[in-house]
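It should be emphasised that the depicted structure is a prediction, and the values quoted were computed from it without experimental measurement.
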Amino acid sequence: MSVIVPSFNSEDHVAETIRSVLDQTMADLEVIAVDDASTDSTVPILTDFAAQDSRITVLVQGENQGVAKARNRGLEAARGRYIAYLDSDDLWAPAKLERQIAFMRRTKAGVCVTSYETIEEDGEHRNYVHAPRSFTYKQFLKNTMTCTLSVVFDTTIVDRSLLVMPDLRRGQDAATWLQVMKRGHRFHGLDECLAKYRKTVGSLSSNKVKAVKRTWRLYRDVERLPRPYAAYCLAWQLSHAMMRRRRSS
């Protein structure tokens with residue numbers, strides 16, 4: 001089991017994130033922490049953890065190249081059959097990987113996502129996002145039903161080359177999941193809240209207007225959807241987002 005943790009100037013939260021990985025009930029794992037040229041104390045924090053736990057490997061980018069390249073470098077170094085991602089301000093419940101991989105083995109799923117909790121920067125609860133039973137490419141276009149911290153891939157079923165992320169500053173994870181789905185892989189959901197997604201001030205996903213523009217560029221520039229179909233999918237995305245906000249209010 002390989003866990004890829006990209007980081008950039010994450011000194012406020014990265015220690016808690018790494019602890020949530022090391023505290024997993026599934027002990028057979030490696031943690032590949034890839035720092036994207038942080039200028040704060042993120043790297044010393046990571047190297048301190050690595051000195052205390054041999055499961056951790058720290059890789060440091062010479063210059064800031066973006067999260068896609070950081071994750072791809074982690075993927076190159078990963079040796080595990082299963083690949084999971086956790087950003088440096090998010091958290092996992094202790095049984096997350098054990099429960100998820102047991103589910104994947106039982107159902108023979110190549111990809112699994114879980115439900116998760118969205119929290120504010122200070123850790124306060126914001127809302128829950130529930131994983132559907134499964135979803136396909138066309139369903140995902142209309143409703144982004146998962147988050148990177150919840151995904152696990154079985155590389156004996158999903159070719160590892162499909163996990164190489166395009167060099168996009170934003171939306172690179174969604175573009176990757178779509179390329180996996182286009183190869184016929186259905187994403188399977190485990191509706192158990194096993195992770196916490198932190199909404200930090202200034203994060204790439206925190207601005208709603210930018211998020212809409214990012215989704216539109218994903219549809220048009222990456223997926224090459226016709227403009228009418230892209231507008232149709234975006235309308236569905238916005239309606240689902242509004243429904244989620246109403247349920248959490």
Side-chain angles (χ1 to χ4, degrees), residues 1-7 10-36 42-60 67 70-117 119 123 131 146-160 162-163 165 173 176-177 180 185 187-198:
M1 176 81 229
S2 298
V3 180
I4 298 168
V5 183
S7 61
S10 307
E11 63 182 4
D12 290 342
H13 303 296
V14 69
E16 188 179 9
T17 295
I18 294 296
R19 287 192 197 99
S20 80
V21 180
L22 299 179
D23 288 344
Q24 291 296 297
T25 54
M26 179 181 183
D28 184 17
L29 57 83
E30 63 174 0
V31 183
I32 303 169
V34 185
D35 186 77
D36 198 23
T42 299
V43 172
I45 292 170
L46 291 172
T47 54
D48 283 349
F49 272 105
Q52 299 171 43
D53 196 314
S54 61
R55 293 176 294 173
I56 302 175
T57 298
V58 179
L59 305 175
V60 180
V67 69
R71 289 182 182 138
N72 288 342
R73 188 175 179 191
L75 181 65
E76 289 175 2
R79 296 170 295 176
R81 168 181 170 177
Y82 296 95
I83 301 292
Y85 300 91
L86 183 63
D87 287 348
S88 55
D89 49 7
D90 298 331
L91 302 168
W92 283 344
K96 194 259 189 188
L97 294 179
E98 183 178 16
R99 295 285 301 150
Q100 205 162 0
I101 290 175
F103 171 84
M104 294 174 76
R105 289 173 174 165
R106 185 171 67 251
T107 60
K108 296 181 172 56
V111 191
C112 174
V113 302
T114 72
S115 303
Y116 62 91
E117 179 185 4
I119 59 174
T146 189
C147 197
T148 304
L149 83 165
S150 80
V151 182
V152 171
F153 294 94
D154 181 348
T155 60
T156 67
I157 299 174
V158 177
D159 193 288
R160 191 178 290 251
L162 294 175
L163 306 185
M165 295 192 173
D173 45 1
T176 304
W177 314 157
V180 171
H185 296 289
F187 278 47
H188 295 265
L190 174 61
D191 189 11
E192 296 180 18
C193 188
L194 297 171
K196 293 184 179 183
Y197 171 57
R198 193 187 305 269

Salt bridge (charged side-chain N to carboxylate O under 4.0 Å, His left out) involving [X] - partner list, sequence neighbours excluded:
X	value
D23	none
R55	D53
D87	R71
E76	none

Assign the ring pair Y85 / W177 to parallel, tilted or perpendicular, where the plane angle (0 to 90°) is split at 30° and 60°. tilted
Do [X] and [Y] touch side chain to side chain, with heavy atoms closer than 4.5 Å?
X	Y	value
I18	I45	no
V58	F49	no
L163	V180	yes
T42	S88	no
I56	L22	yes

Atom pair CG (L59) and CZ (R73), whose distance is rounded to the nearest 0.5 Å: 4.5 Å
Quick one: pull up CD in E117 and CG in L91 and give me the separation to the nearest 0.5 Å. 9.5 Å
Sequence-distant partners of D191, side chain to side chain donor-acceptor pair (under 3.5 Å), two or more places apart: S115, H130
Contacts of T114 that satisfy side chain to side chain donor-acceptor pair (under 3.5 Å) - sequence neighbours left out: none
What pairs with [X] under side-chain contact (heavy atoms from CB on, under 4.5 Å), at least two apart in sequence or on another chain?
X	value
A78	S2, E30, I32, I83, R160
T176	M165, P166, Q179
I157	D154, H185
S54	none

For a quick test of reading the model, state the closest non-hydrogen atom pair linking [X] to [Y] and the distance between them.
X	Y	answer
Q24	A95	OE1-C, 4.1 Å
V67	D36	N-OD2, 4.2 Å
W92	L149	NE1-O, 2.9 Å
T17	S20	O-OG, 2.7 Å
S7	D35	OG-OD1, 2.8 Å
G80	T155	O-OG1, 4.1 Å

Contacts under 3.5 angstrom, residues 98-106 side chains, donor-acceptor by atom type, not counting sequence neighbours:
unit_1, atom_1, unit_2, atom_2, d
E98, OE1, T25, OG1, 2.5
R99, NE, E192, OE1, 3.1
R99, NH2, E192, OE1, 3.4
R99, NH2, E192, OE2, 2.3
Q100, OE1, K96, NZ, 2.8
Q100, NE2, C112, O, 2.9
Q100, NE2, S150, O, 2.7
R105, NE, Y82, OH, 3.3

Basic-acidic side-chain contact under 4.0 Å: R198, E16: yes
Dump the intermediate steps for side-chain contact (heavy atoms from CB on, under 4.5 Å) on D173 and V151, then the final yes or no. CA-CA 10 Å; D173 45 1; V151 182; over 6 Å; no
